Amino acid sequence: MSDDFDRRLARLTRRGFVTAAVAAAAAFGGWKWLRSRARIDGAPWPLRRVLEANESLASAWFSPKRLSPEFKPSQRTRPRINGHLGLAENADMAQWRLTIEGAAAPVSLTLDEIKSMPRVEMITELRCIEGWSTIVKWTGARLSDFALRFPPANAAEFIALETPGRGYYVGLDMASALHPQTLLAYEMNDQPLNWHHGAPLRLAIPVKYGIKNIKRIGVLRYSASRPADFWAERGYDWYAGH
Ligand SMILES: Nc1nc2c(c(=O)[nH]1)N[C@H]1C(S)=C(S)[C@@H](COP(=O)(O)O)O[C@H]1N2
Ligand SMILES: [Mo]
């Protein structure tokens, strides 16, 4: 069955069908459709083909070596608060939206719309570049699910994330952005995010240092070139992986 599936997939791919399938899926509210398709190695197959178009992306997605360790609930530690850049501006929660730039059409999402996407939980380490770390349970939606539902209009190699008003901003390479443990998180340790931890929506990206785990995201932008990054501009490594 799986051999047959692979053969069919290969044939369809040669005809450029997959690109059409992704576009059609996006048009018909298709992320549910995408997720219901047969899965290979855990990724919905249209996404897998897209990733395979770029081997480095594919290896980043599929290499288990790049999975960040996950922990038991009892291993969680007391949260710390670090960094308030960009949190003060646009403080009215009722007005908050996540804006996606660079998709086929402008997108502006409420938190409820984000919560209606598949809910993912993980208990991972948040490691600050200053030398401390915490073990935190995050709940949210995979950033890759957003990329499937609102794909970039043009070829994009990066995703930029910014607080409302751009007091803080990070850039992500696409492989890290689409990593299965990269979440747009709305809960921390089973509670809605509080203000200091980035309410209503922040990034949880355990394959990167804390600096990339941007709190209070207002804008998500696809980009063909490497986006500006607050701490990279101040001398830290742009990738900030660990
Ligand atoms: N908007 C915003 N996000 C941010 C920061 C910041 O100053 N502003 N600091 C970063 C740093 S350096 C770390 S270590 C983590 C800390 O997250 P926490 O406060 O939830 O522990 O948030 C990151 N995200
Ligand atoms: Mo940090």
Side-chain angles (χ1 to χ4, degrees), residues 18-37 43-44 46-47 50-51 53 57 61 86-87 89-120 138-180 182-187 192-193 198-205 212-229:
V18 167
T19 314
V22 171
F28 294 107
W31 60 274
K32 273 189 187 141
W33 175 86
L34 276 169
R35 294 182 65 86
S36 71
R37 295 301 90 187
L47 175 59
V50 170
L51 291 173
L57 292 193
W61 175 281
L87 296 191
E89 286 151 289
N90 200 350
D92 184 354
M93 293 283 240
Q95 295 301 313
W96 181 91
R97 295 285 185 282
L98 175 67
T99 305
I100 303 182
E101 297 175 5
V107 183
S108 174
L109 300 171
T110 63
L111 190 60
D112 280 344
E113 288 172 305
I114 291 163
K115 284 183 174 171
S116 76
M117 297 184 73
R119 189 179 156 93
V120 177
W138 301 109
T139 304
R142 284 203 174 95
L143 188 46
S144 61
D145 282 336
F146 282 77
L148 278 172
R149 191 172 176 186
F150 308 106
N154 302 304
E157 302 269 336
F158 301 91
I159 289 182
L161 297 171
E162 302 173 354
T163 56
R166 210 167 175 270
Y168 195 72
Y169 44 92
V170 303
L172 302 172
D173 58 281
M174 195 61 84
S176 302
L178 299 183
H179 188 280
T182 300
L183 304 187
L184 291 175
Y186 41 79
E187 285 177 23
L193 278 179
L201 190 74
R202 71 169 299 163
L203 192 70
I205 182 164
K212 293 285 190 188
N213 288 242
I214 179 174
K215 301 189 271 194
R216 194 166 173 78
I217 301 167
V219 176
L220 185 163
R221 183 184 315 105
Y222 293 111
S223 175
S225 54
R226 210 167 80 163
D229 182 279

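All values derive from a computational prediction rather than experimental measurement.
To the nearest 0.5 Å, atoms CG (Leu183) and CZ (Phe146) are separated by 10.0 Å. Summarising the geometry, atom OH belonging to Tyr168 is positioned 16.0 Å from atom CZ belonging to Arg216; distances are rounded to the nearest 0.5 Å. The CD atom of Glu101 sits 4.5 Å away from atom CZ of Arg221, with the distance rounded to the nearest 0.5 Å. The NE2 atom of His179 sits 10.0 Å away from atom CZ of Arg142, with the distance rounded to the nearest 0.5 Å. Atom CG of Leu143 and atom CG of Leu220 lie 6.0 Å apart (nearest 0.5 Å). Atom CG of residue Leu184 and atom CG of residue Leu201 lie 5.0 Å apart, to the nearest 0.5 angstrom.
Scanning all heavy atoms of the two residues, the minimum distance from Ala185 to Ala204 falls at CB-CB, 4.3 Å. For the pair Gly171 and Lys212, the tightest heavy-atom approach, listed with the atom from each and the gap, is O-NZ, 2.7 Å. Considering all non-hydrogen atoms of both residues, Ala177 and Ile159 come closest at CB-CD1, 3.9 Å. Between Phe150 and Ala103, the shortest heavy-atom distance links the atoms O-CB, 4.1 Å.
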(message) Please determine whether side-chain contact (heavy atoms from CB on, under 4.5 Å) holds for the pair Leu111 and Leu98, giving the CA-CA distance in whole Å, both sets of side-chain angles, and the decisive distance to 0.1 Å.
(response) CA-CA 8 Å; Leu111 190 60; Leu98 175 67; over 6 Å; no
(message) Is there a side-chain contact (heavy atoms from CB on, under 4.5 Å) between Thr139 and Val120? Walk through the geometry before answering.
(response) CA-CA 6 Å; Thr139 304; Val120 177; over 6 Å; no
(message) Does Leu87 form a side-chain contact (heavy atoms from CB on, under 4.5 Å) with Lys215? I'd like the steps, not just the answer.
(response) CA-CA 8 Å; Leu87 296 191; Lys215 301 189 271 194; 4.0 Å; yes
(request) Report the C-alpha separation of Arg119 and Glu187 in whole Å, then their side-chain angles, then the decisive distance to 0.1 Å, and conclude whether the salt bridge (charged side-chain N to carboxylate O under 4.0 Å, His left out) test is met. (result) CA-CA 10 Å; Arg119 189 179 156 93; Glu187 285 177 23; 3.3 Å; yes
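In this structure, Lys115 forms a cation-pi arrangement with Tyr186, its terminal cationic atom sitting closer than 6.0 Å to the ring centre and no more than 45° off the ring axis.
In this model, no donor atom of one side chain and acceptor atom of the other lie less than 3.5 Å apart for Glu113 and Ser116.
Between Met174 and Tyr222 the shortest side-chain heavy-atom distance falls below 4.5 Å. Between Pro164 and Val219, every side-chain heavy-atom pair lies at or beyond the 4.5 Å cut-off. Between Leu109 and Arg97 there is no side-chain heavy-atom pair separated by less than 4.5 Å.
Electrostatic pairing of Asp173 and Arg226 does not count as a salt bridge here, judged by no charged N lying under 4.0 Å from a carboxylate O.
Here the side chain of Thr182 pairs a donor or acceptor atom with the backbone of Ser176 at under 3.5 angstrom. Between the side chain of Trp96 and the main chain of Ile217, a donor-acceptor pair closer than 3.5 Å is present. Distance alone, capped at 3.5 Å, is enough to place a donor-acceptor pair between the Thr163 side chain and the Gly167 backbone.
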